[in-house]
Amino acid sequence: MFQELFANNSLCKTFIEDSPDAIVITDVDGSVLGGNSRAAELFGYVDTSSIPLNVNESYKHSEDRERLIDLLSTGKAVQDFEAEVLDRDGNSFFASISVSVMDVGGLRVLVSIVRDISESKKAQLNEIRFETLASLSGMADADFSQIYDFALEAAVRITRSKIGYIYFVNEDESELRLYAWSRSVMPQCSVESIPDVYHVNDVGVWGDAIRQRRPMILNDYGACVAKKGLPAGHVPINRHMNVPLFDDGKIVLLVGVGNKEDEYDDEDVRQLSLLMDGMWNIVRRKQADEALRQAYAEMECKVEERTQELSNALTDLRVVNKEMAKEVGQRRLAEKRLRQFERLVEVSPDMVSLIDPDYRYVMVNEAYVEFFDKPKVFFLGKPVYEITGREVFDTRSKTLIDSAFAGQTTGFEAWITLPLKGKRYFSVTYHPVDSVVGEGRLVSITAHDITEQKEMLEEVKRLASTDYLTGAHNRRHFMHRAETELDRLTRYGGELYLMMLDIDHFKNVNDTYGHSVGDVVLKELVKCCTATLRTSDVFGRLGGEEFAALLVHGSVESAIQVAERLRKAIEDLEVRSGEHIVKFTISIGLTMVCANEDVEAALKHADKCLYQAKEQGRNQVVSYCMHED
């Protein structure tokens, strides 16, 4: 048709035919008069002859068409009008529409240039989310309420909503405790009393996300028959979406948004889920940091207390030794002093003993009885190695005991394996003691069992550097190791490669099988990657379904071989969870890290390759090393 409209204007006809943009020509009522091949391609039609007769039905929201007509009624052209439009199959995408009104042969026509901006809109949302998570990562000194408030306002902004809220969920997922509404809500709300706690079984449709354990979208709140209504003065609701946040299979938090101008969709769920997952990882990391600091503080306090107790005991011991030295010729009095020493150390929680020059026990306190569950007579006269084991005695105890007999105070702190108790962590001190029962010298051994404190400290350290779900290194520990390896590369040379990988269509796994199965997939991926990579390589979870690995040493060829081996291993992997068998693939971006290069710059190179792998069909490796700019 447009060939006839512009039969006398070859310039316009050529421009429309050759334009890289989709161009559709309609009359003022929306009837299609013509369009170019790009328009047919954009809307999913075979050729220009099959474009629908009227474009009014191509708008997902009829009010968008009405607003566009109102803008044109001013007599001016419309530039970059954004709307959701439908293709032939009813799939929607974001479009930028520029419309001019023309008079062609006495006929008033609308010439519309249509561009698909879905990817740019998605990139814009991703950029907002990344900026938000970057800001959250920098809130090391902020308290938890500031982190939650920041994330809540970001949730409203990233979904283009008017209102938002956060509720915490109790351990058995039966109660919802209100944390806060977004700042824009309270000026609109006049409810006199808002409950702090709601029972999940008593609330209406907004509690379905907890009951059904999945994100819920309600784009026509007014038409919903399952709602229980709003209290007087509550902010009016026309659209609503909420998403449960899972931690180790349990819902810990419910975040919701409402009153978006257009309808909520799966992309809104994805953006909100990724944002809140990132926020929760930051909260868990901060909790681990605070637990570590608390553990260190408690450990320091206990060490100071033990040191003071030992110092007091040594002071008393010196007094006893001094008195015994004065009465060396009076054995009965000497034995009395020994009993005093025994009574002195009897109440000590530490194991205290005296050893003669033959390395045999002369005395043990009650702590020995409680720890080994043996009477005192069991120890007396026995050589030390029968209690500590021959290996511990030969490699540690004997040399230190000999030094104590020579007049030096010695000791050690380490894991040891005792024949009667197994593996324990001990702090042991050896003191020289002038003998009170004859000539020569004795050695006092003070042993303090700090196994529980050591295990707690090691567990806190592990939690601070480990992703709580998968057991992989977390982002902070991975970045720290990356800085270390980059510094080593700068100092000593060699080659270093960075690999980023992402699960293809991971959202489909969660949507099809549920988030609990998705968590199992993430855990099995980490197991497979750990088993496939070398022990010298560094592997970590950056967030969500995104992981990274540092390939230490090797060449370009070996790095690509490792990446391909890992891709193939995941492709062959079958994840079984209950009755489900899940297969999935990954896309990998690989880059060579140069000396003096910033780690973030290397991550961007690898991410660029990862994005290219996704664009080229997924389940493949794209290497920056092979495509130097």
On a heavy-atom basis, which atom in F539 and which in A549 lie closest, and how many Å separate them? CD1-CB, 4.0 Å
Do M499 and V621 have side chains that get closer than 4.5 Å, going by heavy atoms? no
Pair E524 + R576, salt bridge at N-O below 4.0 Å: no
Quick one: does R211's side chain have a donor or acceptor within less than 3.5 Å of a partner on V200's backbone? yes
Could you check D149 against Y179 for side-chain contact (heavy atoms from CB on, under 4.5 Å), going step by step and ending with a plain yes or no? CA-CA 9 Å; D149 289 342; Y179 170 71; 2.9 Å; yes
Carboxylate-amine/guanidinium contact D64 R67, below 4.0 Å: yes
Take atom NZ in K604; do more than 12 heavy atoms of anything else shown fall under 6.0 Å from it? no
Hey, is R214 close enough to D208 for a salt bridge, meaning N to O under 4.0 Å? no
Is the CD atom of Q212 crowded by more than 12 outside heavy atoms at less than 6.0 Å? yes
Under 3.5 Å: donor-acceptor pair, side chain of N259, backbone of I163: no
Other residues, nucleotides, ligands: >12 heavy atoms within 6.0 Å of Q287 CD: yes
Do the charged groups of D248 and K250 touch, with an N to O distance under 4.0 Å? no
Please check: side-chain N/O of D277 versus main-chain N/O of G544, any donor-acceptor pairing under 3.5 Å? no
Under 3.5 Å, side chain of S273 to main-chain N/O of R270, donor-acceptor pair present? no
Out of curiosity, N56 CG to S31 OG, how far, rounded to the nearest 0.5 Å? 7.5 Å
So, taking the atom named CG in D504 and the one named CD in Q620, what distance separates them when rounded to the nearest 0.5 Å? 9.0 Å
Please report the shortest heavy-atom distance between E545 and L522, naming the atom on each side. CA-CD2, 4.0 Å
Can you find a heavy atom in the side chain of V269 that is under 4.5 Å from one in the side chain of M241? yes
Quick check: do Y59 and L68 have side-chain heavy atoms less than 4.5 Å from each other? yes
Determine, stepwise, if the pair N238 / Y221 fulfils side-chain contact (heavy atoms from CB on, under 4.5 Å). CA-CA 5 Å; N238 52 53; Y221 183 82; 5.5 Å; no
Is the backbone of K507 close enough, under 3.5 Å, to the side chain of N510 for a donor and an acceptor to pair up by distance? no
So, N242 side chain and W206 main chain: donor-acceptor pair closer than 3.5 Å or not? yes
Flag the pair V521 / F584 as yes when at least one side-chain heavy-atom distance between them is below 4.5 Å, and no otherwise. yes
Which of Y148, W280, F144, Y198 passes ring-ring contact (aromatic ring centres under 6.0 Å, His included) with F168? It is Y148
Spacing of H505 atom NE2 and T512 atom OG1 [to the nearest 0.5 Å]: 11.5 Å
Could you go through the side-chain contact (heavy atoms from CB on, under 4.5 Å) check for V252 and F246 one step at a time? CA-CA 6 Å; V252 294; F246 289 83; over 6 Å; no
Residue pair P244 / P215, side-chain heavy-atom distance below 4.5 Å: yes
As an exercise, state the distance from CZ of F547 to CZ of R541, rounded to the nearest 0.5 Å. 5.5 Å
Between D519 and K523, is there a side-chain N and carboxylate O pair less than 4.0 Å apart? no
If you compare all heavy atoms of V255 against all heavy atoms of A155, which two are closest, and at what distance to 0.1 Å? CG2-CB, 4.4 Å
Nearest heavy-atom pair of I217 and D266: which atoms, and what distance? CD1-N, 4.4 Å
Is it true that a side-chain atom of Y264 and a backbone atom of G258 form a donor plus acceptor pair closer than 3.5 Å? yes
Side chains of V109 and T26: does their closest heavy-atom pair fall under 4.5 Å? no
So, the side chain of E263 versus the backbone of N219: is there a donor-acceptor pair under 3.5 Å, distance only? no
Is it the case that the side chain of D89 and the backbone of N91 share a donor-acceptor pair, with hydrogens and angles ignored and the cut-off at 3.5 Å? no
Decide yes or no on salt bridge (Lys or Arg N to Asp or Glu O under 4.0 Å) for R239 and E261, but give the supporting numbers first. CA-CA 8 Å; R239 293 188 179 93; E261 288 188 1; over 6 Å; no
Passes side-chain contact (heavy atoms from CB on, under 4.5 Å), I586 versus L525? Steps please. CA-CA 10 Å; I586 58 173; L525 177 139; 3.8 Å; yes
Charged N to carboxylate O below 4.0 Å: is that the case for D262 and K60? no
Please test S587 against D502 for side chain to side chain donor-acceptor pair (under 3.5 Å), starting from the C-alpha separation and ending with a verdict. CA-CA 6 Å; S587 297; D502 187 284; over 6 Å; no
Is any side-chain heavy atom of L610 closer than 4.5 Å to a side-chain heavy atom of E546? yes
Counting only heavy atoms not in R213, do more than 12 sit closer than 6.0 Å to its CZ atom? yes
I'd like to know if the side chain of Q271 and the backbone of D268 have a donor-acceptor N/O pair within less than 3.5 Å. no
For the atom pair CD1 (I113) and CD1 (I23), what is the distance rounded to the nearest 0.5 Å? 5.0 Å
Please report the closest heavy-atom contact between V169 and L253, naming both atoms and the distance. CG2-N, 4.0 Å
Going from CG on L542 to CZ on R476, what distance comes out if it is rounded to the nearest 0.5 angstrom? 14.5 Å
Could you check if a side-chain atom of C609 sits within less than 4.5 angstrom of a side-chain atom of L590, using non-hydrogen atoms only? no
Residues N619 and E571: closest non-hydrogen pair is ND2-OE2, 3.0 Å
